Number of protein chains: 2
Amino acid sequence: MSRQTDRAAAPRLSREGIIDAALALVDRSGPAGLSMRALGSELGVEAMSLYRHVHGKEDLLEGVVDALTSELTAVMEREADEHWQTFLQNVAHAVRDIAISHPLAFPLIATRHPAAPWLRPPLRSIEAVDILLRVLLAHGFSDEQAVRAYRGFSSFLLGQLLLEAAVRGADVGGAGPASGNGDPSFSGEGDESLDDAPEVRRLRALLSEDHSKEEFETALEILLDRLETELSQ
Amino acid sequence: MSRQTDRAAAPRLSREGIIDAALALVDRSGPAGLSMRALGSELGVEAMSLYRHVHGKEDLLEGVVDALTSELTAVMEREADEHWQTFLQNVAHAVRDIAISHPLAFPLIATRHPAAPWLRPPLRSIEAVDILLRVLLAHGFSDEQAVRAYRGFSSFLLGQLLLEAAVRGADVGGAGPASGNGDPSFSGEGDESLDDAPEVRRLRALLSEDHSKEEFETALEILLDRLETELSQ
DNA sequence: ACCTGAACACCGTTCAAGT
DNA sequence: ACCTGAACACCGTTCAAGT
């Protein structure tokens, strides 16, 4: 037996490890699957032990969201010297990468109340917003233009990526039980009741096609074009 | 004592009444405040009684979302003969009215998994989508153009209104306890730590201004213009 | 210093029992 | 026919107790 390491403490738990495990659990079984008890047993520990490292479930979820968005702030810092269009493109793609690799967790970013009311998801940290504003201002945006661009950029990302994450999350299996609607008129998988929806029925294949990548790119183009137009007048 | 009415049954509970009460409860205290037991006591009844009229909590939430969006389908039916631009404008405003009058409940529309993967929130019913497609097709949109328009319209509404609902929901008090961040470096209300975010600090007043109405209107204009351009080429 | 057992006040849900 | 009591398997959280 060695002396220090395996006799005293050797804390098996850390805030970081707990948050990582929580994110993994949410990725696997959705936010509903994350309970303190389930997380504990995942880590080979009783649920109560977690409270030594995390202030409660609320704090844990905050930690998961932070973990998810922390790489984002790093990207923003790294790209802060690019032209504003390149910068926004790269940030947009970084956010999309997060949404795609964590489709079940991404809604947490959108849904949880940010620390300040003017922090708009998915950009949830003051630093992130500060970097974004700084880049825009450095390239000739006025204060008002920069703030408007920040707002437009946020809602673009949120709308686009929440829908894309929902589609991918459903594949992963975040839907839970297929929810058996009360009406007996609904029976099967959702293909029913297309009887009084002729256009939906006719366009079903088209509606089911996944064009999220192209949609994202063109919507981003349009947004950037609009910002540029606004900037030069 | 009269004969029929107060002797037999006179069912005090109905699916509709339960759903209405659930929506009222969510409006007041957020989705987290909705429990079967709380809802029961709201209705002067034990929680178990609810299961006679509702298939469980999942079904109840589905009912709440349906109640929230049912007026919407009515609006769409009523406006289906208008020009497509007028139609989309009126639908957009109807959705916004819902978001504004139920800021705490609106995220449910966005977050809950729709019945079919190509049903994009906030348009969550097959009928609604069918009407929308029909209107567009009737005004010369091709199949592809109509589907693209549906997609653009959905993510516009979702991004815009989820953010607006979040701001208004925070006012109503949906944030819950101010969440006491773990770091002791955070102490007050969120105004702290602006020290390393000079632009945010400088633009704080501007960032806090609420321009959601104008933003919504101009973003809607831009979307409609884009669709029109796309249509005529 | 770190983890745990026992306990408390909640959940959603089922089912036999009451009226 | 409708509501309820009791029960079950879960929650989050606290705190004295163990090592």
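Treat the numbers as computed from the prediction; the structure is a model and nothing was measured.
Going from atom CG of A/Leu34 over to atom C1' of D/dG12 covers 12 Å, rounded to whole Å. The interatomic distance linking B/Leu60 (CG) with C/dC11 (C1') rounds to 14 Å, in whole Å. With rounding to whole Å, A/Arg15 atom CZ is found 19 Å from C/dC3 atom C1'. Going from atom CE of B/Met36 over to atom P of C/dC10 covers 18 Å, rounded to whole Å. Between B/Arg12 atom CZ and D/dT4 atom C1' the separation is 10 Å, expressed in whole Å. What separates CG of A/Leu43 from C1' of C/dC3 is a distance of 13 Å, to the nearest Å. With rounding to whole Å, B/Tyr51 atom OH is found 21 Å from C/dA17 atom P. Spacing between atom CZ of A/Arg52 and atom P of C/dC3 amounts to 8 Å, rounded to whole angstrom units.
You'll find that the side chain of A/Lys57 is closest to D/dG12, out of D/dC15, D/dT4, D/dG12. Closest contact between the side chain of B/His53 and the listed nucleotides D/dC3, C/dT4, C/dC15 involves D/dC3. Out of D/dG12, C/dT4, D/dG5, the shortest distance to the side chain of B/Glu46 is found at D/dG5.
Considering every non-hydrogen atom in both A/Ile18 and A/Leu60, the closest pair reads CG2-CD1, 3.8 Å.
When Watson-Crick and G-U wobble pairs are counted only if both distances are under 3.5 Å, C/dA9 pairs with no nucleotide at all. If you check D/dC2 for Watson-Crick or wobble pairing at under 3.5 angstrom, you find it paired to C/dG18.
We find the NE2-CG distance between B/His102 and B/Asp97 to be 10.0 Å, quoted to the nearest 0.5 Å.
No side-chain donor-acceptor contact under 3.5 Å links A/Arg12 to the backbone of A/Val45. Side-chain atoms of B/Ser29 never come within 3.5 Å of backbone atoms of B/Val26 as a donor-acceptor pair (strictly under, hydrogens ignored).
Ranked by how close their nearest DNA chain D nucleotide is to the 5' end, B/Met48 and A/Ala47 are led by B/Met48. Each of A/Arg37 and A/Ser49 lies near DNA chain C, and the nucleotide nearest A/Ser49 is the one positioned closer to the 5' end.
Residue B/Ser35 is in sugar-phosphate contact alone, with no base atom involved, counting any heavy-atom pair closer than 4.0 Å across all strands shown.
Between B/Asp20 and B/Arg15 there is no salt bridge, since none of the side-chain N atoms of the basic residue sits less than 4.0 Å from a carboxylate O of the acidic one.
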